[in-house]
Protein chains: 2
Amino acid sequence: MPSEKTVERLSLYRYLLYGILADGERNVFSHELAGMAAVSPAQVRQDMMVLGYSGSPNQGYEVGKLIASITEFLDDAHGRNMALVGVGNLGRAILSNFAGQRSRLQIVAAFDVDWQIVNRMVHGCWCYPLDKLSGVMRDQDITVGIICVPPAAAQEVADALCEGGVRGILNFAPYRLQVPDHVYVSNLNITVALEKVAYFAHHSPVRLETPSREEAKV
Amino acid sequence: MPSEKTVERLSLYRYLLYGILADGERNVFSHELAGMAAVSPAQVRQDMMVLGYSGSPNQGYEVGKLIASITEFLDDAHGRNMALVGVGNLGRAILSNFAGQRSRLQIVAAFDVDWQIVNRMVHGCWCYPLDKLSGVMRDQDITVGIICVPPAAAQEVADALCEGGVRGILNFAPYRLQVPDHVYVSNLNITVALEKVAYFAHHSPVRLETPSREEAKV
DNA sequence: GTAACGCTGTTAGTATTTTCACGAAGACCA
DNA sequence: TGGTCTTCGTGAAAATACTAACAGCGTTAC
Ligand SMILES: NC(=O)c1ccc[n+]([C@@H]2O[C@H](COP(=O)([O-])OP(=O)(O)OC[C@H]3O[C@@H](n4cnc5c(N)ncnc54)[C@H](O)[C@@H]3O)[C@@H](O)[C@H]2O)c1
Ligand SMILES: NC(=O)c1ccc[n+]([C@@H]2O[C@H](COP(=O)([O-])OP(=O)(O)OC[C@H]3O[C@@H](n4cnc5c(N)ncnc54)[C@H](O)[C@@H]3O)[C@@H](O)[C@H]2O)c1
C-alpha cells in the first residue's frame with residue numbers, strides 16, 4: 001500500500017525511463033532519475049523499494065527491467081479501459097492527447113448530452129449520448145471515469161458512472177462528488193493550481209518545487 | 001509562509017464561499033466548509049489562522065468578510081496578468097475557461113509558433129507569435145506564465161518567459177524545467193493524475209480522498 | 001588476488017502536515 | 001442574570017513524508 005505520492009512518482013519515473021530508453025541508454029542511476037524528476041536520490045531508491053525489482057550497485061537500474069517492474073506494479077497485467085464524460089474544450093483536449101497512445105490506459109468511449117457532439121468520432125473516440133453510459137461501460141469493461149462537465153452536472157454524471165460500476169474517477173469539475181466508499185475519486189482543479197502559482201510567484205519564499213543541478217531530459 | 005497545500009485549500013475555500021454567497025447565506029461554519037472541501041473541520045480552522053480574520057463562536061465565519069480576507073491574502077491588492085504559451089488543444093481549453101472571468105487572475109496574452117494560429121483572437125484572447133513574448137510581457141506587466149507546448153519545446157519557452165521577467169510558471173508539459181532560483185514552477189501532469197486514479201481504482205486501499213457526510217455544494 | 005570505489009537497500013532520524021482536545025466566548029432561553 | 005449549548009482558536013500529539021547515513025556488494029584497477 002504505497003502512498004498517493006509514491007504512485008505519482010512511479011508514474012513519472014516510468015515516463016522518464018521511456019525517454020532514456022529512446023536515447024539508447026541501458027542503465028540509469030538513482031541520482032540521474034532523481035534529477036529528471038526533481039526529487040532526491042534517496043527518494044528514488046525508497047520508491048523503488050515497493051517494486052520487487054532491485055538495481056545493482058555500481059550499475060544502477062536496468063532501464064527495461066525497471067519499466068517492466070513499474071508497469072507490473074501500476075497496471076498489474078491488463079490495461080484499464082476508461083470513459084470520458086463531457087466532450088467540451090477540456091474533454092476534447094484530453095481525448096486528443098490520449099488518441100495516438102497504445103498504452104495500458106485507454107479512453108475507449110466518450111459521452112455528452114449535446115446532440116451536436118454526440119454520435120460521431122472525436123479525436124478517434126466514439127462519442128455516445130449520456131444515457132448509453134451504463135450499458136457501454138458494462139459492454140466495454142470500463143472501470144475508470146473522467147469527468148469534464150460543468151460543476152452543476154458533475155454529481156449527476158458521477159452517479160451514472162457509479163451505476164455503471166466505476167471504480168475510480170478523475171474529476172476536473174470544481175465540485176466534491178459524493179460516491180460510494182469503494183469508488184476512488186481524485187479532484188484536479190486547474191484554477192486552484194493557477195492561483196497557487198500566482199501566489200508563490202509573488203510571495204516567493206525560498207523555492208519549493210525545484211529542478212536541480214542534473215540535466216533534465218525529455 | 002503558508003504551505004503549498006494551505007494555499008491550495010484557501011483558493012478552494014474562496015471558490016466554495018462564492019457559491020455560498022450566491023445562495024444568500026451570510027454565515028458559514030468550519031464543519032460546513034470542511035464538508036464541501038472534503039477536509040476536516042480542524043483543518044479549516046487551522047488554515048484560517050494564517051488569515052488575519054477570525055470567526056465568532058456559535059456564528060461561524062461571515063462569508064463576505066472571509067472571502068475578502070482570503071482575497072487580500074492570496075492576491076494582495078492587485079490582480080496578476082498571465083500569459084499562456086502553446087495554443088493547442090489544452091491551451092484553447094484553458095483560454096476558454098478563463099475567457100469570461102473578470103477575476104484578479106487574467107490571461108491577457110497567448111503565444112504560439114504556428115502561423116495558422118497566430119495573429120488572431122482565440123476565445124477572447126489575442127494570440128501573438130512567440131518572438132513577441134518578451135516585449136508583450138513587459139508592456140502588459142505579465143508575471144505568470146502557463147506552458148501548454150509539447151515537452152520538447154518546454155525549456156525553450158521557459159527560457160523566453162524568464163527572459164521576459166516571469167515570476168511563476170504553471171507547466172503542463174511532462175518536462176522538468178530549469179529556471180533561475182527566483183522563478184516558482186509548478187508542474188501539472190494530467191497523465192500522471194490519470195494513472196494514479198487507475199492504480200487506486202484497482203488497488204483500492206480504504207479510501208483516500210473522500211467527500212464526507214456534509215452536503216456538497218456548488 | 002585484493003584493495004578501493006561507487007551505488008544500492010534499508011533503517012533510523014528529522015521535518016512537515018494533519019488531527020485531537022480543550023479553554024474561552026458569543027448566543028439563546030428561561 | 002445565570003446556565004447551557006455551540007463553535008472558534010490554539011498548542012500539543014499523532015501521522016505522514018522526506019532525508020541522511022551507513023552497511024553490503026559488485027566492479028574495476030592494479
Ligand atoms: N478548461 C479549463 O481550463 C478548465 C479549468 C478549470 C476547470 N475546468 C472544469 O472542467 C470542466 C469542463 O470544462 P470545459 O472547459 O471543457 O467546459 P465546456 O463547457 O467546454 O464543456 C462541457 C461539456 O460538458 C457537456 N455536458 C454538460 N452537461 C452534461 C451532462 N449532464 N452530461 C454529459 N455532458 C454534459 C457539455 O455538452 C459540454 O460539451 C468544467 O467543470 C470546468 O469548470 C476547466
Ligand atoms: N491535452 C491533454 O490532455 C494533455 C495531457 C497531458 C499532458 N499534456 C501536455 O500538455 C501540452 C500541450 O498539450 P496539447 O494537447 O495542447 O498539445 P497540442 O499539440 O494540441 O498543442 C501544442 C501547441 O504548442 C504549439 N507550439 C509548439 N512548439 C511551440 C513553441 N516552441 N512555442 C510556442 N508554441 C509552440 C503548437 O503550435 C501547438 O499549438 C503537451 O506538453 C502535452 O504533453 C496534455
Side-chain angles (χ1 to χ4, degrees), chain A residues 1-13 17 20 25-63 65-66 69-70 73 196 200 205-210 212-214, chain B residues 1-13 17 20 25-63 65-66 69-70 73 196 200 205-210 212-214:
Chain A
M1 53 194 169
S3 72
E4 295 202 20
K5 296 205 168 179
T6 299
V7 171
E8 287 181 7
R9 283 190 299 262
L10 286 172
S11 167
L12 177 60
Y13 298 154
L17 288 166
I20 294 170
E25 296 288 334
R26 293 221 143 304
N27 289 73
V28 68
F29 297 129
S30 64
H31 66 265
E32 293 176 310
L33 211 46
M36 297 177 207
V39 300
S40 68
Q43 181 81 81
V44 171
R45 293 201 299 275
Q46 181 126 333
D47 288 336
M48 295 312 174
M49 285 179 67
V50 306
L51 311 172
Y53 177 68
S54 281
S56 41
N58 227 18
Q59 293 299 103
Y61 304 91
E62 258 184 80
V63 178
K65 293 268 182 67
L66 191 45
S69 293
I70 296 176
F73 181 81
K196 183 180 79 167
F200 285 109
V206 194
R207 196 76 193 310
L208 297 172
E209 247 174 272
T210 152
S212 67
R213 57 268 134 66
E214 268 308 315
Chain B
M1 52 192 168
S3 71
E4 295 201 20
K5 295 203 168 181
T6 300
V7 172
E8 287 181 7
R9 283 191 299 263
L10 285 173
S11 167
L12 177 60
Y13 298 155
L17 288 165
I20 294 170
E25 296 286 333
R26 293 218 143 308
N27 290 73
V28 67
F29 296 129
S30 62
H31 65 265
E32 294 176 311
L33 251 185
M36 296 176 208
V39 299
S40 69
Q43 180 83 80
V44 171
R45 293 202 298 276
Q46 183 107 324
D47 288 336
M48 295 312 172
M49 284 178 67
V50 305
L51 310 172
Y53 177 67
S54 281
S56 42
N58 223 19
Q59 294 299 104
Y61 303 91
E62 259 184 81
V63 179
K65 294 267 184 64
L66 192 45
S69 293
I70 295 176
F73 182 81
K196 183 180 79 167
F200 285 109
V206 195
R207 196 74 194 313
L208 295 171
E209 249 174 89
T210 151
S212 67
R213 55 272 136 64
E214 268 308 315

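For clarity, every value in this text was computed on a predicted model and none was experimentally measured. In what follows, chains are A, B, ... by sequence order, proteins preceding strands, each numbered from 1.
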*Asks:* Let me spell it out: for each of B/Arg9 and A/Met49, pick the nucleotide of DNA chain C with the closest heavy atom. Which residue's pick is nearer the 5' end?
*Replies:*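 Nearest nucleotide further toward 5': that of A/Met49.
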
*Asks:* Consider only side-chain N and O atoms of A/Tyr13 and A/Asp47, and report whether a donor and an acceptor are under 3.5 Å apart.
*Replies:*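 Looking only at side-chain atoms, A/Asp47 and A/Tyr13 do form a donor-acceptor pair, the distance falling under 3.5 Å.
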
*Asks:* Would you mind classifying the nucleic acid contact of B/Thr6 as base, sugar-phosphate or nothing, using non-hydrogen atoms under 4.0 angstrom?
*Replies:*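 Here B/Thr6 touches no strand at all.
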
*Asks:* I need the NE2-C1' distance between B/His31 and C/dT19, as an integer number of Å.
*Replies:*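 Computing the B/His31:NE2 to C/dT19:C1' distance gives 18 Å.
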
*Asks:* For B/Asn58 and D/dT6, what is the distance between atoms CG and C1' respectively, to the nearest whole Å?
*Replies:* 4 Å

*Asks:* Students often get this wrong, so: under 4.0 angstrom with heavy atoms, is B/Met48 touching a base, only sugar-phosphate, or nothing?
*Replies:* nothing

*Asks:* What is the distance, to the nearest angstrom, from the CD atom on A/Glu8 to the C1' atom on D/dC18?
*Replies:*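 Between C1' of D/dC18 and CD of A/Glu8: 15 Å.
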
*Asks:* For A/Phe29 and C/dT8, give me the distance from atom CZ to atom P, rounded to whole Å.
*Replies:*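 Result: 7 Å.
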
*Asks:* Identify which nucleotide among C/dT17, C/dT18, D/dC8 has an atom closest to any side-chain atom of B/Ser3, counting heavy atoms from C-beta outward.
*Replies:*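 Ranking C/dT17, C/dT18, D/dC8 by closest atom to the B/Ser3 side chain puts C/dT17 first.
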
*Asks:* Would you indicate which nucleotide in C/dG9, D/dC8, D/dT19 comes nearest to any side-chain atom of A/Tyr61?
*Replies:* C/dG9

*Asks:* In whole Å, what is the span from the CZ atom of A/Arg45 to the P atom of D/dC22?
*Replies:*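 Between P of D/dC22 and CZ of A/Arg45: 14 Å.
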
*Asks:* Taking the side chain of A/Ser30 as heavy atoms from C-beta outward, which of C/dT10, C/dT8, D/dG9 is closest to it?
*Replies:*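 Nearest to the side-chain atoms of A/Ser30, counting from C-beta on, is C/dT8.
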
*Asks:* Please tell me which of A/Lys5 and B/Pro57 maps to the more 5' nucleotide of DNA chain D, matching each residue to the nucleotide holding its nearest heavy atom.
*Replies:*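 Nearer the 5' end of the strand: B/Pro57.
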
